[in-house]
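These notes concern the structure reproduced below.
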Amino acid sequence: MSNKKTLVLGASTKPDRYAFKAITMLVEKGHSVMAIGQNTGEVAGINIRTKNIPLANIHTVTLYLNPARQRDYYNYILETKPKRVVFNPGTENPEFYQLLKANGIKVEEACTLVLLATNQY
């Protein structure tokens with residue numbers, strides 16, 4: 001399995017949140033993880049930041065933000081130039097799909113946890 005450097009957008013330190021579970025599972029599966037959320041904290045040894053930081057070589061952005069909150073990150077994600085963006089359940093956003101596809105970025109409507117659990121990540 002190859003390491004797919006991943007940005008978790010909408011990260012949370014609350015163990016009942018799917019973003020928390022995704023960070024934990026990504027680390028367990030050996031992926032490099034960056035995390036941005038509303039509050040700072042740490043999950044599975046990964047620091048959650050509250051500000052956009054310059055990123056390079058990001059393979060996947062996995063979203064845990066509703067479509068209205070995603071708008072603040074459109075340019076940031078486009079500038080990061082990931083290979084794909086995973087829209088987890090509840091984050092579906094056809095408007096953003098078009099922007100991503102126009103910039104050569106793969107759009108995937110999926111659950112990061114399921115992808116990891118079934119070795120499809």
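- Within the 3.5 Å criterion, the main-chain N or O of F96 finds no donor-acceptor partner in the side chain of Q98.
- More than 12 non-hydrogen atoms from other residues, nucleotides or ligands lie less than 6.0 angstrom from CD of E42.
- Of all non-hydrogen atoms in L99 and L78, the two that sit nearest each other are O-CD2, 4.0 Å.
- H59 contributes no side-chain N or O that, together with a main-chain N or O of K83, makes up a donor-acceptor pair within less than 3.5 Å.
- Using a 4.5 Å cut-off on side-chain heavy atoms (C-beta onward), M25 and Y121 make no contact.
- By the criterion of side-chain heavy atoms lying less than 4.5 angstrom apart, applied directly or through intervening Ile, Leu, Val, Met, Phe, Trp or Tyr residues, V33 is not grouped with L7; the two fall into different hydrophobic clusters.
- Contact check for T60 versus E108: no side-chain heavy atoms found under the 4.5 Å cut-off.
- Counting heavy atoms from C-beta on, the side chains of T112 and Y18 never come closer than 4.5 Å.
- Although no hydrogens or angles enter the test, the distance criterion places a donor-acceptor pair under 3.5 Å between the side chain of N66 and the main chain of A68.
- The closest donor-acceptor contact from the side chain of T80 to the backbone of P82 lies at 3.5 Å or more, if one exists at all.
- N47 and T40 form no side-chain donor-acceptor contact under 3.5 Å, judged by distance and modelled atom types alone.
- A distance of 11.0 Å separates NZ in K29 from CG in L115, rounded to the nearest 0.5 Å.
- Within the model, atoms OG1 of T62 and CG of L116 stand 8.5 Å from one another, a figure rounded to the nearest 0.5 Å.
- Taking CZ of R84 as the reference point, atom CD1 of I105 lies at 13.0 Å (rounded to 0.5 Å).
- Tracing side-chain contacts under 4.5 Å through hydrophobic residues (I, L, V, M, F, W, Y), one reaches Y74 starting from I58; they form part of the same cluster.
- Taking all atoms of both residues into account, the shortest heavy-atom contact from G90 to P67 is O-CD, 3.9 Å.
- In the hydrophobic clustering of ILVMFWY residues, with side-chain heavy atoms under 4.5 Å counting as a link, Y76 and V8 come out apart.
- Atoms CG and CD, from L63 and E109 in turn, are 11.5 Å apart once rounded to the nearest 0.5 Å.
- With hydrogens and angles ignored, the 3.5 Å screen pairs no side-chain donor or acceptor of K81 with any backbone N or O of N103.
- Around atom CG of N57, no more than 12 heavy atoms belonging to other residues, nucleotides or ligands sit under 6.0 Å away.
- Here the shortest heavy-atom pairing between F87 and Q70 reads CE2-OE1, 3.5 Å.
- Other residues, nucleotides and ligands place no more than 12 heavy atoms under 6.0 Å from the CZ atom of R49.
- Rounded to the nearest 0.5 angstrom, I36 CD1 and L55 CG are separated by 6.0 Å.
- Nearest heavy atom pair, residue Y64 against residue A22, reads OH-CB, 3.2 Å.
- For the atom pair CZ of F20 and CD1 of I48, the computed distance is 8.5 Å after rounding to the nearest 0.5 Å.
- Contact between A11 and A35 at its shortest, heavy atoms only, is CB-CB, 3.7 Å.
- Clustering ILVMFWY residues whenever any of their side-chain heavy atoms sit less than 4.5 angstrom apart, transitively, puts I46 in a cluster other than the one holding M34.
- One hydrophobic cluster holds both L100 and L65 under the rule that ILVMFWY side chains link at heavy-atom gaps under 4.5 Å.
- Here the closest heavy-atom approach between residue K4 and residue H31 is recorded as N-ND1, 2.9 Å.
- Looking at T13 and V43, their side chains come closer than 4.5 Å, going by heavy atoms from C-beta outward.
- Put simply, the side chain of K21 never gets that close to the backbone of L113: no donor and acceptor are under 3.5 Å apart.
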